[in-house]
Amino acid sequence: MRTFYFITLLLLQPAVAVLAQDHSHHLPQAAPAASPAAQQSVLPQATPLYVCPMHPHIQQGESGNCPICGMELVQQRQQQTTAVDVNGAMQQALAIRTEAAAPRTLWRFIESFAQVQYPEDAIHHSHIRAEGWIEQLYVRSLGQRVKAGEKLFSYYAPDLLVAQDDYLQALSVSKQNGERSSSLLKRAETRLRLLGLTDNDITQLQQSRQSQYQITVYAHQDGVVTMLNVRDGMYISPGDTLLEITSLAKVWLLADVAQAQQSWLREGMSAEVDIPSHQITGIETRVDFIYPALDAQSRSSKVRMTVDNKQQLLQPNMLLPVRLYGGPLRDVLAVPRDAVLLSGNGSRVIVKDGDSFSVRHITTGSSAQGYVQVLTGLHQGEQVVVSGQFLLDAQASLSQLPQSTADSHQH
């Protein structure tokens, strides 16, 4: 990074000189300044810090070797601050622009993508409770839409036939013996219910007094067939999952949220989702559930939202843009995101004080709407450089080197 600053400074210095000459007749006359580094003042230096050249996060207060790569630690005065003086004419030529650190309201705003999935609580399985054989199948393919009460399949089960005969016999005896046989009739009816017959089936049996060889199974809800494990004539048993019907009246949206934004999440927070394929934007919803585990690969967690899908516009596995609104951070000290320079040693800004510019290390917090929260290192009203800060930072880095080293890079 330091080498990049050296090259940038050497390339820009001739251009700066030309700019200064071209604008000299338009600008107020001031003391001559050949470059931003014409006047410098170095503040007192703090205790030296030893840093690994290859692993900047390895830092200690005494000399030694890096525990990772074994390289000798290099002395660095982290708290050393260099002030670079630049007159007004040169500031205008370099297009240096500043903005004051000021309290702001930052809206915690997360943009992500959500995948549409079947709601797990909207899936219904069809099983039988007595082994038998499929006689007639009314559902033929996956994805077929069914409505509640529609026929799914009919099957023959010997145990059900025997149970119906026993019930009819108990029904006949109860009419002859009255209340003395009522318990026998109730047990026979309970047996039919446990074997899977519905109230309608039992009523029909009472009226017809004829045992049904084929029992029909009906859909419990509107939905889509998402599993079909049965065919005509197939032998079936109670342990088989024959059909799966999933309601799509509502769908789940699963969105990924980065680890750095976990503190913003809370159940009930507002969200919006778009459906680009139908030119629909801003469907309002809320976060229903925050999954507790992070994904090992992406280092992100998933949040779940529920959206009405009565018009069947959303299909499972669709990928939709989603926005999560985590609420405001009110009256926090913030600076423009463009003013913050990042490196292995943390974040820093260039602070302007009159015609003097200095590097200031800061601690940052949340970032939103193009601004970064400043936790430590700045005070309200201080001016930070938003444009042209890279050249000033490069000059400050040159000034921190021993004089012989700086001269060799400039020549």
Side-chain angles (χ1 to χ4, degrees), residues 1-2 4-6 8-21 23-24 26-49 76-102 333-343 345-364 371-372 374-403 405-407 409-410:
M1 183 64 72
R2 179 172 290 177
F4 170 77
Y5 287 153
F6 294 154
T8 303
L9 185 60
L10 292 174
L11 291 176
L12 290 180
Q13 278 182 340
V16 171
V18 172
L19 285 172
Q21 293 176 3
H23 292 79
S24 61
H26 297 294
L27 302 175
Q29 296 297 321
S35 71
Q39 300 177 9
Q40 302 168 4
S41 59
V42 181
L43 301 181
Q45 300 175 354
T47 304
L49 188 69
Q76 182 183 34
R77 294 174 177 85
Q78 192 173 18
Q79 301 299 323
Q80 177 177 306
T81 301
T82 300
V84 179
D85 294 334
V86 183
N87 62 29
M90 190 59 65
Q91 292 180 34
Q92 186 175 0
L94 296 177
I96 293 176
R97 183 167 55 88
T98 64
E99 185 172 331
L333 187 64
V335 296
R337 186 180 299 163
D338 293 339
V340 180
L341 303 174
L342 302 177
S343 68
N345 294 328
S347 303
R348 62 189 186 279
V349 294
I350 306 297
V351 179
K352 179 179 183 294
D353 184 10
D355 287 342
S356 180
F357 298 83
S358 59
V359 178
R360 184 84 58 82
H361 289 270
I362 63 173
T363 304
T364 59
Y371 285 84
V372 177
V374 178
L375 301 177
T376 61
L378 276 179
H379 297 287
Q380 181 177 340
E382 290 188 293
Q383 296 286 329
V384 296
V385 179
V386 180
S387 176
Q389 69 271 38
F390 291 100
L391 182 61
L392 296 172
D393 185 59
Q395 182 60 43
S397 298
L398 276 174
S399 302
Q400 291 179 7
L401 294 175
Q403 186 61 38
T405 306
D407 292 341
H409 281 285
Q410 292 184 1

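- Inter-residue side-chain proximity for Thr364 and Leu375 is flagged as unmet; no heavy-atom pair is nearer than 4.5 Å.
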### Task
Verify side chain to side chain contact (heavy atoms under 4.5 Å, CB included) between Val351 and Phe357, making sure each step is shown before the conclusion.
CA-CA 6 Å; Val351 179; Phe357 298 83; over 6 Å; no
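- Between the NE2 atom of His361 and the CG atom of Leu378 there is a distance of 12.0 Å, given to the nearest 0.5 Å.
- For the pair Thr363 and Val374, the minimum side-chain heavy-atom distance is 4.5 Å or more.
- Taking every heavy atom of both residues into account, Tyr371 and Pro336 meet most closely at CD2-N, 3.5 Å.
- The nearest pair of heavy atoms linking Ala100 to Gly381 is CB-O, 4.1 Å.
- A salt bridge is defined here as a Lys NZ or Arg NE, NH1 or NH2 lying under 4.0 Å from an Asp or Glu carboxylate O, and Glu382 with Arg360 meets this definition.
- Nearest heavy-atom pair, Gln380 versus Leu333, reported as atom, atom and distance to 0.1 Å: CA-CD1, 3.8 Å.
- Counting only heavy atoms from C-beta outward, the side chains of Thr376 and Ile362 never approach each other to under 4.5 Å.
- Here the CG-OG distance, from Asp353 to Ser358, works out to 7.5 Å after rounding to the nearest 0.5 Å.
- Of all non-hydrogen atoms in Thr98 and Gln383, the two that sit nearest each other are OG1-OE1, 3.1 Å.
- Nearest heavy-atom pair, Val349 versus Ala339, reported as atom, atom and distance to 0.1 Å: CG1-O, 3.5 Å.
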